[in-house]
Amino acid sequence: MKTNWHQSVIYHIYPRSFKDSNKDGIGDLNGIIQKLDYVVELGADTIWISPTYPSPMRDFGYDISDFCNVDPLFGTLEDFDNLIQEAHNRNIKVIIDYIPGHTAWEHPWFVASASSRINPKRDWYIWRDPKPDGSVPNNWLSVFGGSRWEYDARTGQYYMHSFLKEMPDLNWRNPEVVDAMLEVLRFWLKRGIDGIRIDSFNVIYKHMDYLDEPLNPAYIHGENDPFREHDHIYTLSQPELLPLLKTFRKVLSEFGDKFMVTESYVEMPQLLKLYRAGDSLHAPFNFNIFKLPWNLNEYKSFIDVFDKEVGHEYIPTYVLGNHDNHRIATKIGSNQARIAAMLQLTLRGMPTVYYGEEIGMIDGEISLDEMQDPWAKNVGDVRLGRDPQRTPMQWNTEKYAGFSTKKPWLPIGKQYMYSNVEIQQSDTQSMLNLYKTILHFRKQSPALLYGTYESLKIKNKNVYAYMRTYKTEKLLILLNFSEEEQKISLNIPTSQVICNSYLTKEKGSLMDLKNSTLAPFEGYILQLSQ
Ligand code: NOJ
């Protein structure tokens, strides 16, 4: 069966925080199965689940001690197989996190590698001699703070870790590592996954000369994340990454039209390189939108270029948030988040909705003693903490928001009494109903599924206006980015409302575009008569 990835909508589940089925305060695979009907009702057709592999959980599953199993916290391989089956029964595709760049300390490969300089797995990781004075081989920084090198006295060398020191980097220049990791990929493909999200793709290769990285002149000490102190010319976006996409594709295509999405925090030029080095079943996540200030011109100029450059062969992606970044409603405000959702869900390509975005969840408040994230702990800066965006999904008004019956691993967000699925299901104007309305409309709208995107030049500088067109279906989207009412006067015939972002207008009601008003932060999807 051919899968139509170009029209897919991804729902991103962070398993620890989605639904706890076995009452231990941590979400699990069976919890996800219990909520698959919810994903269908929402209108998404693909789930991406963050890692559930066995792990010491220092980085909550991104530190893996066995690539071919499930951590007991999340369930068993049988539960995983059930999840695939249950998802497929509902026509939901499953993307899993594939983490090629590093393992946990505890992984048998690293245990062997660290055991002696002559162990056959020594070169599976990146080992270097100290400088003559015993210091680190170069100035490279770990993304999670401090040096990228850790000294191991047992064999008198340093090993490299791009993240925590307990997460040593695999050496992708060693063909045995490549083979072993491709076998891992086959292991999961055989179990029926539909695609992979490749973790930290940009970090996999490092330059072979191991020269010091230069300082970043834009770095502001005390204000920026310490990792930004250097310009990472030797540790990020190395040219070897581009052909690697083809290596992954070869394996994926042994199993049909599987999708791969790469995690790369890069700007437009590198983003486009990644697209062009891959094929139409690969897309890099585009994180640029949520990094922009809330400003119409910034959004519009980025999207105009991105949409055109990606073209119709590849799949434009739009991400508003994930487990590593603060929630969109916290960053830009709740009404603005409605506009952002309307934008994301009506642009061409593949939107990714991070669990809870659809009920307008905001960042949780985490006190110092509740802090779990190793990054924030490592750098000693609570601002870098990723716990606020990982608080449990808010299902209802029960004690632990219907997530669990036991105290959850992170506190429940304070606004859960009104920001929860059950309440929003029955509130006709809720954020949840906005997502459902747009996503279900999208499924049967050729203009949204296949149409072109064209932004309009209109007099009103606070309103983002664009058309989505496919054959005779013409949709006009109007988004008021400002906190003031905006008058609209367009030389366009009367149009029919599909929905407005506050869900206060009846579907099918008429709107006279020659003379109408948009409320503060109000957006519209309109159908134009032919
Ligand atoms: C990116 C993941 O999204 C993040 O959560 C993780 O900490 C790092 N990669 C390391 O695997």
Side-chain angles (χ1 to χ4, degrees), residues 10 12-18 27 47-67 71 74 95-107 110 125-126 140-146 148 150 160-170 172 181 184 196-206 225-227 232 235-237 241 260-266 274 284-287 290-291 317 319-327 352-355 363 366 371-379 381 384-391 409-410:
I10 301 182
H12 172 195
I13 293 174
Y14 192 67
R16 287 183 81 83
S17 302
F18 195 56
I47 53 173
W48 151 34
I49 44 179
S50 282
T52 56
Y53 308 90
S55 159
M57 299 290 165
R58 291 187 193 90
D59 193 22
F60 300 114
Y62 282 93
D63 47 334
I64 296 167
S65 50
D66 178 357
F67 282 113
D71 194 282
F74 296 120
I95 291 182
I96 64 162
D97 233 298
Y98 174 68
I99 293 107
H102 47 264
T103 67
W105 249 354
E106 289 82 352
H107 196 292
F110 187 70
Y125 293 81
I126 303 168
W140 293 359
L141 295 174
S142 149
V143 179
F144 283 175
R148 222 181 181 107
E150 181 70 15
M160 191 189 294
H161 57 93
S162 292
F163 297 93
L164 294 176
K165 69 175 189 310
E166 297 90 346
M167 293 159 70
D169 281 17
L170 281 164
W172 273 75
M181 285 309 293
V184 168
I196 49 170
R197 173 260 190 193
I198 306 186
D199 182 75
S200 303
F201 184 69
N202 221 19
V203 184
I204 295 177
Y205 284 104
K206 295 91 190 165
D225 165 8
F227 181 63
H232 300 290
T235 50
L236 295 180
S237 296
L241 286 172
M260 94 178 132
V261 59
T262 39
E263 185 206 25
S264 300
Y265 285 86
V266 293
L274 289 171
F285 269 140
N286 162 26
F287 300 118
F290 71 63
K291 301 225 167 240
T317 60
V319 177
L320 295 180
N322 59 29
H323 61 297
D324 294 329
N325 290 281
H326 292 305
R327 287 192 175 271
T352 301
V353 178
Y354 181 48
Y355 84 92
D363 281 353
I366 309 290
M371 197 161 84
Q372 304 269 353
D373 184 19
W375 184 5
K377 285 185 179 169
N378 216 26
V379 180
D381 185 345
L384 292 176
R386 297 169 296 175
D387 299 318
Q389 57 267 28
R390 296 175 176 180
T391 60
W409 75 287
L410 279 176

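Computation of the quantities below employed the complete heavy-atom set of this structure, encompassing side-chain atoms and omitting hydrogens, waters and symmetry-equivalent molecules. In listed order, ligands and their atoms are each counted from 1.
Heavy-atom distances between F60 and ligand 1 stay at or above 4.0 Å for every pair. Ligand 1 lies less than 4.0 angstrom from a heavy atom belonging to R390.
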**Report entry** salt bridge (Lys or Arg N to Asp or Glu O under 4.0 Å) assessment of R386 paired with D59
**Finding:** CA-CA 11 Å; R386 297 169 296 175; D59 193 22; 3.0 Å; yes

Query raised in the report: Could you walk me through whether D66 and Y53 pass the side chain to side chain contact (heavy atoms under 4.5 Å, CB included) check?
Result: CA-CA 7 Å; D66 178 357; Y53 308 90; over 6 Å; no

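A salt bridge between D387 and K377 is absent, with no side-chain N of the basic residue lying under 4.0 Å from a carboxylate O of the acidic one. A salt bridge links R390 with D324: at least one charged nitrogen is closer than 4.0 Å to a carboxylate oxygen.
Here R197 has side-chain heavy atoms under 4.0 Å from ligand 1, and that is the only part of it that gets that close. At a 4.0 Å heavy-atom cut-off, ligand 1 does not touch Y14 at all.
For atom 9 (N) of ligand 1, the nearest non-hydrogen atom from the set D199, D63, D373 comes from D199.
Outside the 6.0 Å centre-distance limit, the rings of Y355 and Y14 are not counted as a close aromatic pair. Aromatic ring centres of W375 and F227 lie farther apart than the 6.0 Å criterion allows. A centroid separation of less than 6.0 Å is found between the aromatic rings of Y62 and H323. If you look at F67 and H107, their ring centroids are closer than 6.0 Å.
Below 4.0 Å from some heavy atom of H102 lie the following atoms of ligand 1, by number and element: 10 (C), 11 (O). In summary, the atoms of ligand 1 found under 4.0 Å from a heavy atom of H323, numbered by their order in the structure, are 2 (C), 3 (O), 4 (C), 5 (O). Atoms of ligand 1 lying under 4.0 Å from at least one heavy atom of R386, given by number and element, are 4 (C), 5 (O), 6 (C), 7 (O). Taking every non-hydrogen atom of F163 and a distance limit under 4.0 Å, the qualifying atoms of ligand 1 come out as 8 (C), 10 (C).
For atom 7 (O) of ligand 1, the nearest non-hydrogen atom of the protein is D59 OD2, 2.6 Å. Atom 3 (O) of ligand 1 has its closest protein heavy atom at D324 OD2, 2.4 Å.
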